[in-house]
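Below: one structure, written as structure tokens.
Below, chains carry the letters A, B, ... as their sequence lines are ordered, and counting in each starts from 1.
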2 protein chains.
Amino acid sequence: MTRRFHGQRPTIEDVARQSGVSRSTVSRVINGEPKVRAEVVEQVRQVIAELGYVPNQAARQLVTHRTNAVAVVADQPDGRLFLDPYFDRLLRGIRRELALHGAQAVLLFLDEPDDHARVADYLGGGHVDAAVLFSLHPGGRLHEMIGRLDIPAVFGGRPLLLDGDTVRAHAYVDGDNRGGARQAVRHLVSLGRRHIATVTGPHDQEHSAAERLAGYRDVLPDAPPELAERADYTRQGGTDAMAALLDRRPDLDAVFVASDLMAQGALEALRARGRRVPEDVAVVGFDDLAEIAEATDPPLTTVHQDVGEMGRLMARLLFDRPADLPSVVVPTRLVLRASA
Amino acid sequence: MTRRFHGQRPTIEDVARQSGVSRSTVSRVINGEPKVRAEVVEQVRQVIAELGYVPNQAARQLVTHRTNAVAVVADQPDGRLFLDPYFDRLLRGIRRELALHGAQAVLLFLDEPDDHARVADYLGGGHVDAAVLFSLHPGGRLHEMIGRLDIPAVFGGRPLLLDGDTVRAHAYVDGDNRGGARQAVRHLVSLGRRHIATVTGPHDQEHSAAERLAGYRDVLPDAPPELAERADYTRQGGTDAMAALLDRRPDLDAVFVASDLMAQGALEALRARGRRVPEDVAVVGFDDLAEIAEATDPPLTTVHQDVGEMGRLMARLLFDRPADLPSVVVPTRLVLRASA
DNA sequence: GTGAAAGCGCTAACAT
DNA sequence: ATGTTAGCGCTTTCAC
């Protein structure tokens, strides 16, 4: 940068001189330490206001080793993460919790190749006290990077790593994908459905998708493979997968779709084929994104995750991480609407 | 925060000792100063890598007064801004330009009341060199806040303020809303349309909406008021406004809709009334968001803004602001598709 | 081309 | 309750 950005601001020394006390006393006033005479506090505050003094964070940070800022790093190959209402809520939870601790959340993005080095420098350079990390690159560079930086970090969503050991190294917060899937499928069973299919996420790439499929299999260990169709967590993927399932098994009478977005697509495929929901085919989704689940026709019975709470937990783990419980899995519950 | 976050990291002193040179030399290597012997450079680099040394930004910042970080502050009352593909692209442009200058973009959100004080502290505390600001609160608190902090700032979108003078105080980058609207309406005129209506944004609240309406009036100064219907930049608003226009003026044969999202809604209203587009009614939108404009039926003729370029410009203004041109208006162009 | 020394603005013992 | 002192880790003259 060409310009000198910050003008000549007053320092703590200026305040001290103006108020006729020492730097230490001013520092005490600023940091709200008790042992200062009330009238001195008043006097110093006055001068601070007059001078428009603002403490230099760099100087403070140099000695305290603290910034009161926490980075939220999003490893997004494209705009996906950013446009995801799920992420929006997660971020809100994180910010809320950090605010409770007086910390500022700063969001960093990682999409171009050279972003990596810069973000690593930023994270390692002491700009922040800790980091919350979201990665859409399973086994990706983010995990590797954070391993070398020694700042406290927690992952949003269980990191799916090739190296099994490394998983342990990082704390994470995730929803109970497997348990939630079980709830969903058990519900369909309890409804008396006999041929329960599933539209899965990319279970070879995403941990959540693998777990949701595992939950389905937990309940239906004998379900034939042709009742499962893999999609990619997109709406169109849901439509295509549902169509494929109907082709293969016209007799199916229920489907567990591993995300609300895909379920929305699946409903379209069902309508296109003239199947009534839930009369002919019962549908259960996953995520409980209000924008989707309440807006579909019929409204979606789906597995709810308290995403805001997950965000809050991530932030909390940064502050007091229980020694023996580095990661947390948040429970889910089934929300009954009209689709099943 | 309870824990000491940063462990004992190597300092420049450690690197110096290990490599048998002075701190100064190490500093020179780090900062890529030319006057260091190549073999020394090599040697020092080696040690830095071994030790995993990362410069302490606080210390550096204390002397250089620079952070190489720029804040992007989004004043979003709810999730709106965050979920906006427009904003996504803007942010990309900003990040790209900042990266060119070796600066890191950090995104801050402002939605809860107490966020304000914390963000102000963050911005004023020297964590960043400058700030790019987006506000959905016209005349809002963000403008006021930034006025007191003396860091360079540029606004995304012309700030709409009650106090006319304050507008001058802040640089901004905006699209040529008025000019773009003129292009759109002139195109409809050139098509031979006689009764050209317009669906406007909330022109009493948003500068862009007011300008787009002004552009319409520039071309059609004599258009009767009943040919203009105000909406709120939402899709549903576009549908309702279009319906209202058709009720009032069944003879309209063209409409300039002040955003693609509203135009999408308008197309639905037209279809519902059995009007063919463009045969019966020609439609022109504004923004050229590919997700929308290319996906509608028929695809939308619309006013294109180079949003990425706008983002890049904002960042650039931070670095070298021309003394006499504090703000920039980016030209638009009409993209012809099938709707007009 | 490289080193020595000063100092950025602040906090944190340690005195008093 | 307040002042003195010593750094925090880095860049930057200024010598050599």
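- Every side-chain hydrogen bond (donor to acceptor under 3.5 Å, both in side chains) that Ser27(A) has, sequence neighbours left out, goes to Asn31(A).
- Shown here are the side-chain contact (heavy atoms from CB on, under 4.5 Å) partners of Arg28(B), two or more places apart in sequence or in another chain: Ser24(B), Thr25(B), Glu33(B), Val36(B).
- Remark: nothing in residues 34-42 of chain A comes within less than 4.0 Å of DNA chain C through any heavy atom.
- Not a single salt bridge (charged side-chain N to carboxylate O under 4.0 Å, His left out) links Asp306(B) to another residue, sequence neighbours left out.
- Atom-to-atom, CZ of Arg28(A) to P of dT11(C) comes out at 11 Å; the value is rounded to the nearest Å.
- Atom pair Glu33(A):CD and dA1(D):C1' shows a separation of 12 Å (rounding to whole Å applied).
- Arg96(B) pairs by the side-chain contact (heavy atoms from CB on, under 4.5 Å) definition with Glu112(A), Arg92(B), not counting sequence neighbours.
- For Arg17(B), the side-chain hydrogen bond (donor to acceptor under 3.5 Å, both in side chains) criterion is met by Asp14(B), not counting sequence neighbours.
- At the phosphate of dT2(D), neither OP1 nor OP2 sits under 4.0 Å from any side-chain N or O atom of Thr25(A).
- The side-chain hydrogen bond (donor to acceptor under 3.5 Å, both in side chains) search around Asp121(A) returns none, not counting sequence neighbours.
- Evaluation of the side-chain hydrogen bond (donor to acceptor under 3.5 Å, both in side chains) rule for Arg95(B) yields Asp111(A) as partners, not counting sequence neighbours.
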Task: Where protein sits on nucleotides 5-10 of chain C, one letter per nucleotide: B base, S sugar-phosphate only, - none, heavy atoms under 4.0 Å - done: BB-BBB
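- The heavy-atom pair separating Ala69(A) from Tyr122(B) by the smallest distance is CB-CE1, 3.9 Å.
- Among residues two or more places apart in sequence or in another chain, the salt bridge (charged side-chain N to carboxylate O under 4.0 Å, His left out) test is passed with Glu13(A) by Arg23(A).
- Taking five base pairs at each end of the helix from dG1(C)-dC16(D) to dT16(C)-dA1(D), the local helix axes there meet at an angle of 30°, rounded to 10°.
- Among residues two or more places apart in sequence or in another chain, the side-chain contact (heavy atoms from CB on, under 4.5 Å) test is passed with Glu97(B) by Leu100(B), His101(B), Arg312(B), Ala315(B), Arg316(B).
- One can place CZ of Arg66(A) at 14 Å from C1' of dA12(C), the figure rounded to the nearest angstrom.
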